[in-house]
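To keep things clear, I will list the structure first and then write my remarks on it.
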Amino acid sequence: MPAERFDFSNAAGERLAALLDCPAGPPRAYALFAHCFTCGKDIHAARRIAEGLTALGIAVLRFDFTGLGSSEGEFANTTFSSNVSDLVAAADALRSRRSAPGILIGHSLGGAAVLAAAGEVPEARAVVTIAAPADPAHVAGLFKDRIDEIEATGRVDVTLAGRSFPISRTFLDDIGGHRLRDRIGALRKALLVFHSPTEIFSAAKHPKSFVSLAGADHLLSRRSDAAYVANVICAWAERYLDVAEAAAEVAQEKTVTVRETRAGRLQQEVTVGRHRLTADEPVEAGGLDSGPGPYDLVLAGLGACTSMTLRLYAERKALPLDRVTVRLRHFRIHAVDCENCETKEGMLDRIERAITLAGNLNDEQRKRLLEIADKCPVHRTLTSEVEIRTVEERD
């Protein structure tokens, strides 16, 4: 779904540019994302993590801090404290116009900012930091060779990632005055730490989790790294958020809904009650390879149904079946090559299903289980006459 413009005002009355990324269906929860130092809401990591979370049903508000991107104000007048204030203003805007954020996510210095702001967002039950410093003063290392000059003159333009930014003595004094350890210890919220100095993790009280991002760069430039972060956040946060209640009404419906995400030519968001997954095609077929293809999902349905059917039968008959593994392939064949098919012209679909039955089973039991596999409901549906009725359902 396209991002919705969601501008709001900070404590100084300046307009901050923001985008609200929403899932196709009702949001299961809202998250607030804070970008890295001198970055912006449109940086790859922010966009891709938001994309991943919305595909999983979580709406994400991302914004430009004062003086950055499309936000008003002068960067030279900002400090770490003003960033924290901007975060609180963003949470207030989200609370008044939609719903308070249940998850606070911060990248790099933005991670330190969400740790500092978390106590002022009571509804937030989960906090996530990504490559965040335990001490805001750590950011001064980016321009350590200019610190004496900043102290002497009061303000110096420094080059970071090929761009010039004014750094003031006030900024240095402010980051030097923040000690997050006490705030982390008093967080009283679930904390997920991605690949950061261990000081954050050691200072926090349980529940806390640490996840390494081995091989990822600081900005999460690779799409796969950002997608991994989004998937982990969503799976981890469910334990601490009341997302089940938020999705209860949707979960009651057994309708499968498929919508274009518009993130690629073919990428689709599939919603099944409160469950969400992504369908796509390989890159060579015009997709992003971000999820299984339509036929992959058909095979997955048949495989899951086969395994479940065998499990239920084995339990009913008290068979020593330890584990079922089903491997499937789909391809097209010439009709003349199918001995048991009524159709003898053109092409046919063939599904090969290989079933591994682990357990101390005798030959007769194995033979019977393979017969039962053909009786699974999805198998019967695929091999029976199926009527598909198509109607237009207008928005």
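These numbers were taken from a predicted model, which means no experiment stands behind them.
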For residues [X] and [Y]: do they belong to one hydrophobic cluster (side chain heavy atoms under 4.5 Å, members Ile, Leu, Val, Met, Phe, Trp, Tyr)?
X: L302; Y: L357; value: yes
X: Y313; Y: V378; value: yes
X: W236; Y: V60; value: yes
X: I58; Y: V211; value: yes

4.5 Å side-chain heavy-atom contact, [X] and [Y]:
X: R327; Y: T356; answer: yes
X: L61; Y: P101; answer: no
X: R95; Y: P122; answer: yes
X: S9; Y: E72; answer: no
X: N83; Y: F37; answer: no
X: V232; Y: L192; answer: yes
X: P27; Y: R98; answer: no

My understanding is that only one of N10, T78, N77 makes a side chain to side chain donor-acceptor pair (under 3.5 Å) with T66; could you say which? N10
Under the criterion salt bridge (charged side-chain N to carboxylate O under 4.0 Å, His left out), which of D64, D21, D7, D86 is the partner of K41?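 Among D64, D21, D7, D86, the one that satisfies the salt bridge (charged side-chain N to carboxylate O under 4.0 Å, His left out) with K41 is D64.
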Indicate the ring-plane relationship of H107 and F33, choosing parallel, tilted or perpendicular according to the 30° and 60° boundaries. tilted
Parallel, tilted or perpendicular, as decided by the 30° and 60° cut-offs, for the rings of Y295 and H330: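 Rings of H330 and Y295: parallel, as their planes differ by under 30°.
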Answer yes when [X] and [Y] have at least one side-chain N-carboxylate O distance shorter than 4.0 Å, and no when they do not.
X: D374; Y: R353; result: yes
X: E352; Y: R329; result: yes
X: E364; Y: K367; result: no
X: R62; Y: D42; result: yes
X: R366; Y: D363; result: no

Euclidean distance, [Y] [atom2] relative to [X] [atom1], rounded to 0.5 Å:
X: L19; Y: E4; atom1: CG; atom2: CD; answer: 9.5 Å
X: D289; Y: Q267; atom1: CG; atom2: CD; answer: 10.5 Å
X: F171; Y: F143; atom1: CZ; atom2: CZ; answer: 5.5 Å
X: D225; Y: I49; atom1: CG; atom2: CD1; answer: 10.0 Å
X: R169; Y: T153; atom1: CZ; atom2: OG1; answer: 7.0 Å
X: R368; Y: L310; atom1: CZ; atom2: CG; answer: 11.0 Å

With no hydrogens and no angle check, do the side chains of S108 and H218 hold a donor and an acceptor under 3.5 Å apart?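 The answer is yes; a qualifying pair exists.
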Report yes if the distance between the aromatic ring centroids of F8 and F63 is under 6.0 Å, otherwise no.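 Yes, ring centres under 6.0 Å apart.
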Can you confirm if the NZ or CZ of R97 lies within 45° of the ring axis of F6 and under 6.0 Å from the centre of its six-membered ring?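 Relative to the ring axis of F6, which defines the angle, R97 lies inside both limits.
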Any sub-3.5 Å donor-acceptor pair from R259's side-chain atoms to P23's backbone N or O? no
Set of residues satisfying disulfide (SG to SG under 2.5 Å) with respect to C234, sequence neighbours excluded: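 Checked C234 against disulfide (SG to SG under 2.5 Å); zero matches.
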